[in-house]
Amino acid sequence: MRTSQLLLPTLREDPGEAETVSHRLMLRAGLIRKVAAGIYTYLPLGLRIIRKVEQIVREEMNRAGAQELLMPIASPAELWKETGRWDYYGKELLRFKDRHERDFCLGPTHEEVITDLFRREVRSYRQLPLNFYQIQIKFRDEIRPRFGLMRGREFIMKDAYSFDKDDAGARLNYQKMYDAYDRIFSRCGLNFRAVEADTGLIGGTSSHEFMVLADTGEETIVYSDHGTYAANVERAEVLPPDDETREELRPLQNVKTPACRTVEEVTKFLKVEASQLVKTLLYSTGKDTVAVLIRGDHDANEIKLKRLLGVTDLELAGPATVEKITGAPVGFAGPVGLKIRIVADHAVRTASNVVVGGNQADTHLIDVNCPRDFQVEQFADLRNAKAGDLSPRKDGVLKTTKGIEVGHVFMLGTKYSQAMNASFLDPNGKECLAVMGCYGIGIGRTAAAAVEQNHDDKGIVWPFPIAPFHVHLISLGQSAGVIEAATGLYGALEAAGLEVLWDDRDERAGVKFNDADLIGAPYHVIVGDKGLAEGLLEVKTRKTGVKTKLSPAGIPAAILAMASSDRSAS
RNA sequence: CGGGGCGUAGCGCAGCCCGGUAGCGCGCCUGCUUUGGGAGCAGGAUGUCGGAGGUUCAAAUCCUCUCGCCCCGACCA
């Protein structure tokens, strides 16, 4: 492809709308353009990258025995009402009516549609197992789209759905997908890790997320320093403290803490550690308000809390509710004398002589002890794991890192097959529910994650397998010799099976070099009069910046050799 | 939805506080020179100042309302 025939609008300056590396570079390199918040056009070069990732995904899905199909973007409300997700999914589900006033939505995921297909078309255990996948545009009306392709409202996803006759089969399919994901992200040249995860809105019995490790990731991962345990922090179990010994209990006292509301303010004012403080969080469940006690140096985990309380909606109570229940403004709530249901994290049980809110403005209580001064209905694991905690498998101590979730595999069990009566006949003629799994990969997010992980101050450094082009051919000047040599090389490189972007514009060398660095093809070949005069042309490896002088005829073979050694090294 | 910020030429921004001619850099067009890391000179084009109301002799600037976008929190591939 010649740049003179390609829409490749690179930007010299950082666009004002982008802050994240991948978002900024993808805009600057002319890969994407925004149409509306979280909605993007893939420009020709950007689409090539998307297609590369899709192709790797497709090959590995096919290899794992999944079959490709394509479901519609729009689906009727009836299917969603069958599983209850028409209501449960909330505002993220973009709804609309057709001309006959029938309710439809844009598919945020396709369990309903595929399960409907299954129940219509599959009758017998002989047809199982089955695994279907598609690569298709999804729409989720995200609360806050951000970071370009990282979290769009419209995005390209590979989603797969497996159907098995029993749990053992489902586990096998799950494992196959897990292994396929491992290969996919390895082939994309990413540094990633599979972690245990929460199942969220999709539901089901267990799941793993595939996380690309990057400081800019939105997810926090905890992993054992000496073992194999790794989990999303929202999922990671925290073991109850094994040391039950407590300090000698001192008598409770009332202290004035003027305008000290936050943990930080209170600990600073009273000169105590955050771990000596217990915060009292009031959560509204929609039905009632529950007090949740968490140690001052810990963070509440709302997913664990929802599970304990058996609710799906949960939010911190507003100032009015807090005042009504505690009689004090926000910041001074405490468990002593509180008349509502109280649950607490395990760590609160073994803490002694703690500081809590006094349920009175500018007042805290110190040397408070449970159960002497207040009672808790239930102790449970309600906090986020943090660095330094014991691994739940007791195979080491937890460390934390940031990650970008690029893939997620779920064991669904019979959640959807039951709701939609997707059954088959077993050898005895008995009707059985299909055991399902579902498996997603964010295609655009994978590309964006690759940029987060592979860039420098000049631009993107694409991993070879998903690079939009393998070779960026840069011709300098418009002399007959240069044009002839570049034309010859272009043909020779393509004949060698390499994808070549030839910058044939009448631009100055600096402009071309800078654009090439920005776009980030793995290898750059520079054709100029200077090189031609000595019969040697420069080949630059984008990642290392190393330039090698080679005779033109030897360049295609040399690049193929470099590519294969780079790939085996990584 | 809560909090913070922004909307002025294709892009990045200044001007707004203190009302009076719409400006800078990059890009774009023409010409000459230049040509291996974002060229120089000369000339040129480009704006419903996000939109609607209002105040005023006069509004990019002040007021009200509205729309869009970005960033921080509650959701997820």
Side-chain angles (χ1 to χ4, degrees), chain A residues 9-20 23 27-28 33-39 53 57 89-93 108-110 135-160 181 197-202 207 209-212 218-219 232 234 283 300 302-303 306 312-316 318-319 404-410 438-449 458 474-479 482 506-518 524 526-533 537-538 540 545 547:
Chain A
T10 53
L11 305 174
R12 290 195 178 195
E13 291 169 281
D14 280 336
E17 72 186 49
E19 301 212 339
T20 320
H23 188 195
L27 285 166
R28 282 194 57 202
R33 285 295 182 264
K34 189 179 69 188
V35 175
I39 299 179
V53 176
V57 169
Y89 220 103
K91 286 190 173 174
E92 219 167 288
L93 187 65
T109 175
H110 280 71
I135 297 175
Q136 183 233 28
I137 288 176
K138 297 278 183 276
F139 198 98
R140 295 181 187 175
D141 201 356
E142 288 277 346
I143 295 165
R144 183 151 92 86
R146 57 186 137 172
F147 308 152
L149 295 193
M150 205 66 92
R151 178 180 300 280
R153 290 194 291 170
E154 190 179 290
F155 60 100
I156 299 172
M157 180 163 122
K158 185 287 299 180
D159 45 326
Y181 275 37
D198 185 70
T199 53
L201 275 184
I202 306 286
S207 79
E209 288 168 331
F210 285 76
M211 297 284 198
V212 168
E218 295 185 83
E219 306 292 336
N232 190 311
E234 65 187 27
Y283 278 98
E302 295 187 1
I303 290 173
K306 281 180 187 171
T312 53
D313 282 327
L314 194 67
E315 58 180 7
L316 276 172
I404 300 163
E405 181 192 357
V406 289
H408 202 160
V409 293
F410 299 82
C438 75
Y439 318 93
I441 290 180
I443 301 290
R445 185 182 283 181
T446 299
K458 291 192 166 72
I474 299 163
S475 57
L476 300 176
Q478 301 291 318
S479 75
V482 164
D506 186 13
E507 285 286 354
R508 299 175 68 81
V511 173
K512 292 192 172 195
F513 290 147
N514 281 308
D515 271 353
D517 286 340
L518 177 60
H524 301 175
I526 300 145
V527 183
D529 287 315
K530 213 167 91 180
L532 289 174
L537 298 179
E538 261 173 4
K540 173 176 144 179
K547 293 177 181 173

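Small disclaimer: the values here were computed from a predicted structure and weren't measured. Every chain is numbered from 1, with letters handed out A, B, ... down the list of sequences.
- Within 4.0 Å (heavy atoms only), A/Arg153 reaches no atom of the nucleic acid at all.
- Stacking annotation: A/Phe513 is not stacked on the base of B/G38 (requires ring centroids less than 5.5 angstrom apart and an interplanar angle below 30 degrees).
- The P atoms of B/C6 and B/A45 are separated by 33 Å, rounded to the nearest whole Å.
- The separation between A/Arg28 atom CZ and B/G12 atom C1' is 12 Å, rounded to whole Å.
- Among the heavy atoms of the strands, none lies under 4.0 Å from A/Gly90.
- Contact annotation: the side chain of A/Tyr89 never approaches that of A/Asp141 to less than 4.5 Å [non-hydrogen atoms, C-beta and beyond].
- Dashed line: the shortest gap from a side-chain N or O of A/Arg508 to OP1 or OP2 of B/U34 is not under 4.0 Å.
- Within 4.0 Å of A/Glu17, counting heavy atoms only, lie sugar-phosphate atoms of the nucleic acid but no base atom.
- Using a 4.0 Å heavy-atom distance criterion, A/Lys547 is classed as a base contact.
- Straight-line distance from the CG atom of A/Asn232 to the C1' atom of B/A77: 13 Å, rounded to whole Å.
- With hydrogens and angles left out, the side chain of A/Glu538 and the base of B/G36 share a donor-acceptor pair within 3.5 Å.
- Residues A/His110 and A/Lys138 have side chains that bring a donor and an acceptor to within less than 3.5 angstrom of each other.
- Listed pair A/Lys306 / B/C75 meets the phosphate criterion, a side-chain N or O lying under 4.0 Å from OP1 or OP2.
- Side-chain proximity of A/Glu507 to the nucleotides B/C76, B/C28, B/G38 is greatest for B/C28.
- B/U35 is unpaired under the Watson-Crick or G-U wobble criterion, no partner having all donor-acceptor distances under 3.5 Å.
- A/Gly442 comes within contact range of at least one nucleobase, with a heavy-atom separation under 4.0 Å.
- Nucleic acid contact class of A/Gln136 (heavy atoms, under 4.0 Å, all strands): none.
- When rounded to the nearest whole Å, the span between CD1 of A/Ile143 and P of B/C71 equals 15 Å.
- When each of A/Thr10 and A/Glu209 is assigned the nucleotide of RNA chain B bearing its nearest heavy atom, the one mapping closer to the 5' terminus is A/Thr10.
- For A/Ala37, whose side chain is taken as the heavy atoms from C-beta onward, the closest listed nucleotide among B/C76, B/C11, B/C70 is B/C70.
- Summarising the geometry, the separation between CD on A/Glu92 and P on B/C76 is reported as 6 Å, rounded to the nearest angstrom.
- Counting non-hydrogen atoms under 4.0 angstrom, A/Tyr439 reaches nothing in the nucleic acid.
- Straight-line distance from the CZ atom of A/Arg33 to the P atom of B/C69: 17 Å, rounded to whole Å.
- B/A22 makes up no base pair with any nucleotide shown, lacking Watson-Crick or G-U wobble contacts both under 3.5 Å.
- Proximity of A/Arg12 to the phosphate of B/G37: no side-chain N or O atom is located under 4.0 Å from OP1 or OP2.
- Here the C1' atom of nucleotide B/A77 and the CE atom of A/Met150 are 12 Å apart, to the nearest Å.
- Atom pair A/Arg151:CZ and B/A77:P shows a separation of 9 Å (rounding to whole Å applied).
- A donor-acceptor contact shorter than 3.5 Å links the side chain of A/Arg445 to the backbone of A/Glu405.
- Note on A/Arg144: a side-chain N or O is less than 4.0 Å away from OP1 or OP2 of B/C72.
- Counting any heavy atom pair closer than 4.0 Å across all strands shown, A/Gly152 reaches a base atom.
- The nucleotide B/C62 finds its pairing partner in B/G54, both defining distances of the Watson-Crick or G-U wobble pair being shorter than 3.5 Å.
- The residue from A/Leu149, A/Ile156, A/Val406 that alone fulfils the side chain to side chain contact (heavy atoms under 4.5 Å, CB included) condition with A/Ile443 is A/Ile156.
- For B/G43, the paired base is B/C29 (Watson-Crick or G-U wobble, both distances below 3.5 Å).
- If you check every strand for non-hydrogen atoms under 4.0 Å, A/Ile526 touches a base.
- In this structure, A/Gln136 and A/Met157 have side chains that are not in contact, with every pair of non-hydrogen atoms separated by 4.5 Å or more.
- A salt bridge (Lys or Arg N to Asp or Glu O under 4.0 Å) with A/Glu142 is found for one member of A/Arg153, A/Lys91, A/Arg151 and no other, namely A/Arg151.
- Nearest nucleotide to the side chain of A/Phe147, out of B/G38, B/C71, B/A77: B/C71.
- Pair assignment for B/C6 gives B/G68, based on Watson-Crick or G-U wobble hydrogen-bonding distances that are each under 3.5 Å.
- Atoms NZ (A/Lys34) and P (B/G68) sit 12 Å apart, rounded to a whole Å.
- Comparing B/A77 with B/G5, their C1' atoms sit 29 Å apart, to the nearest whole Å.
- Toward the 5′ end of RNA chain B lies the nearest nucleotide of A/Asp14, the other residue of the pair A/Asp14 and A/Gly444 mapping further downstream.
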